[in-house]
Amino acid sequence: MPLDKKDNYQARNTGKKPSAAKTGKRQGNARTTRKRGRTKANGRRSRIAFTLGAFMIIVAYVFLFYYFFVGPFSFKWKAMYGEPTYPEGYNVRGIDISHYQKRINWEQLRNESINNDPIRFVFIKATEGEKLMDEDFNENFFQAAENGFIRGAYHFYVPGVDIRRQAQFYLHTVHLVPGDLPPVLDVESTGKLTDEQIRNDVRTWLEIVGRHYGVNPIIYANYKFRTTILDTPEFDKYPLWIAHYYVDKMKYNGKWAFWQHTDCGKLNSINGDVDFNIFNGSPANLQELTIPDDSALE
């Protein structure tokens, strides 16, 4: 065997490890392959994360859109098409206002109508919680009486705030007289309280304020709130002012006095939207509901 061939043969069969240069090249190739694999995996994870993030954003957008613009029990729902409807069979109409309506032209309001019916009553926001008085309450309360409207004043309930202090704050701020509608408790939110705690608060406020004026106060609540949290017999004796928007007929099966049927009414005397309400009865019935002359005011 020639020497060169022998040497090559022995080199191939000595069992020596490949040179460092060759080994490094192979390891480098392996690392490059693994790196490319990790890059592709990271890319896939990024795409999945982006897709999930986009999906969650879409879900959140749909939820918020439904809650604010479509949900039937949301007080922020606005009619998206056309004018508010006017349920048939009722002609004793009124509005409710607060500082959100800003400056009201009361002389013009006195001569306006809703669906060709005169405006007979006005509910006015008075207080909220234990120390917030609506900034326009005194002016609105005075003007309502001056312009011949039957007026009422409501308290916006704040869950988690001492209910007795809320009741006393209302009594300190609001001075109803015979001919006014009974005091009103506006109950819309639960905060972190249980249903039973909400019922206890509502019961306490109604008893304290009702005892002061010698009448049963009015409960304001939306359809869902009344038929779930406040759906107990103890509240049946109180006149109900129910918010139930954009339905042709009242679906509540119990007895009710007032129906807030839209929150996007339009009047020339008021800038922006205003709530429209219906009284379930005649003008004489509405007068009968007011605080009587012989009421035992404390």
Can you sort out the partners of Asn268 under side-chain contact (heavy atoms from CB on, under 4.5 Å), two or more places apart, ordered by chain and number? Gln108, Glu112
Decide side chain to side chain contact (heavy atoms under 4.5 Å, CB included) for Thr127 and Leu132; before the verdict, give the C-alpha distance in whole Å, the side-chain angles of both, and the deciding distance to 0.1 Å. CA-CA 6 Å; Thr127 52; Leu132 179 62; over 6 Å; no
Return the minimal non-hydrogen interatomic distance between Tyr213 and Pro183, and the atom names on each side. CD1-CG, 3.9 Å
Cluster overlap Phe156 with Ile219, hydrophobic side-chain contacts below 4.5 Å: no
Are the side chains of Leu171 and Val209 in touch, meaning some heavy atoms are under 4.5 Å apart? yes
Among pairs that include at least one residue of residues 170-184, which meet side-chain hydrogen bond (donor to acceptor under 3.5 Å, both in side chains), considering only residues two or more places apart or in two chains? Arg151-Asp180
Which pair of non-hydrogen atoms, one from Gly94 and one from Ile114, has the smallest distance, and what is that distance? O-CD1, 4.1 Å
Judged by atom type as modelled, is there a donor-acceptor pair below 3.5 Å linking the side chain of Ser189 to the main-chain atoms of Gly191? no
Side chains of Leu286 and Ile150, heavy atoms from C-beta outward: is any pair under 4.5 Å? yes
Can you tell which of Leu181, Val184, Val92 makes a side chain to side chain contact (heavy atoms under 4.5 Å, CB included) with Phe258? Leu181
Hey, is the main chain of Tyr90 close enough, under 3.5 Å, to the side chain of Arg93 for a donor-acceptor pair? yes
Between Ile163 and Val202, is there a side-chain heavy-atom distance shorter than 4.5 Å? no
Checking Asp136 now: which residues fulfil side-chain contact (heavy atoms from CB on, under 4.5 Å) with it, not counting sequence neighbours? His99, Asp134, Asn140
Main-chain N/O of Glu107 paired with Asn111 side-chain donor or acceptor, under 3.5 Å: yes
Output yes when a side-chain donor or acceptor of Asn285 lies under 3.5 Å from a complementary backbone atom of Ser282, and no otherwise. yes
Decide if the gap between the ring center of Trp259 and the ring center of Phe279 is smaller than 6.0 angstrom. no
Keeping to residues at least two apart or across chains, list the salt bridge (charged side-chain N to carboxylate O under 4.0 Å, His left out) pairs with something in residues 280-290. none
Would you mind reporting whether Ile208 and Thr204 have side-chain heavy atoms less than 4.5 Å apart? yes
Looking only at side chains, do Thr194 and Glu196 share a donor and an acceptor under 3.5 Å apart? no
Tell me, with the steps shown, if Glu128 and Lys125 meet salt bridge (charged side-chain N to carboxylate O under 4.0 Å, His left out). CA-CA 8 Å; Glu128 178 176 338; Lys125 182 178 181 180; 2.6 Å; yes
Enumerate the side-chain hydrogen bond (donor to acceptor under 3.5 Å, both in side chains) contacts for residues 249-258, please, sequence neighbours excluded, ordered by first and then second residue. Arg226-Tyr252
Can you say whether the rings of Tyr223 and His244 are parallel (under 30°), tilted (30 to 60°) or perpendicular (over 60°)? parallel
Establish, from distance only, whether the side-chain atoms of Asn277 and Trp241 form a donor-acceptor pair under 3.5 Å. yes
Nearest heavy-atom approach of Phe141 to Ala153 is CE1-CB, 4.2 Å
Evaluate the side-chain proximity of Val215 to Thr290: yes if any heavy-atom separation is below 4.5 Å, no if none is. no
Hey, is the main chain of Ile229 close enough, under 3.5 Å, to the side chain of Arg199 for a donor-acceptor pair? yes
In this structure, is the centre-to-centre distance between the rings of Phe121 and Phe123 below 6.0 Å? yes
Heavy-atom side-chain proximity of Arg103 to Ile270 below 4.5 angstrom: no
With no hydrogens and no angle check, is any side-chain donor or acceptor of Asp162 less than 3.5 Å from a backbone partner on Arg164? yes
When you compare the side chains of Tyr220 and Glu188, does any donor N or O come within less than 3.5 Å of an acceptor on the partner? no
Members other than Phe142 in its cluster, when Ile, Leu, Val, Met, Phe, Trp, Tyr link by side-chain heavy atoms under 4.5 Å? none
Using 0.5 Å steps for rounding, measure from the CG atom of Leu206 to the CG atom of Asp201. 10.5 Å
For Ser98, does its backbone N or O pair with a side-chain atom of Gln101 as donor and acceptor, under 3.5 Å? yes
Indicate whether the side chain of Thr228 and that of Asp231 have a donor and an acceptor atom separated by less than 3.5 Å. no
For the CG atom of Asp96 and the OH atom of Tyr154, what is their distance to the nearest 0.5 Å? 5.5 Å
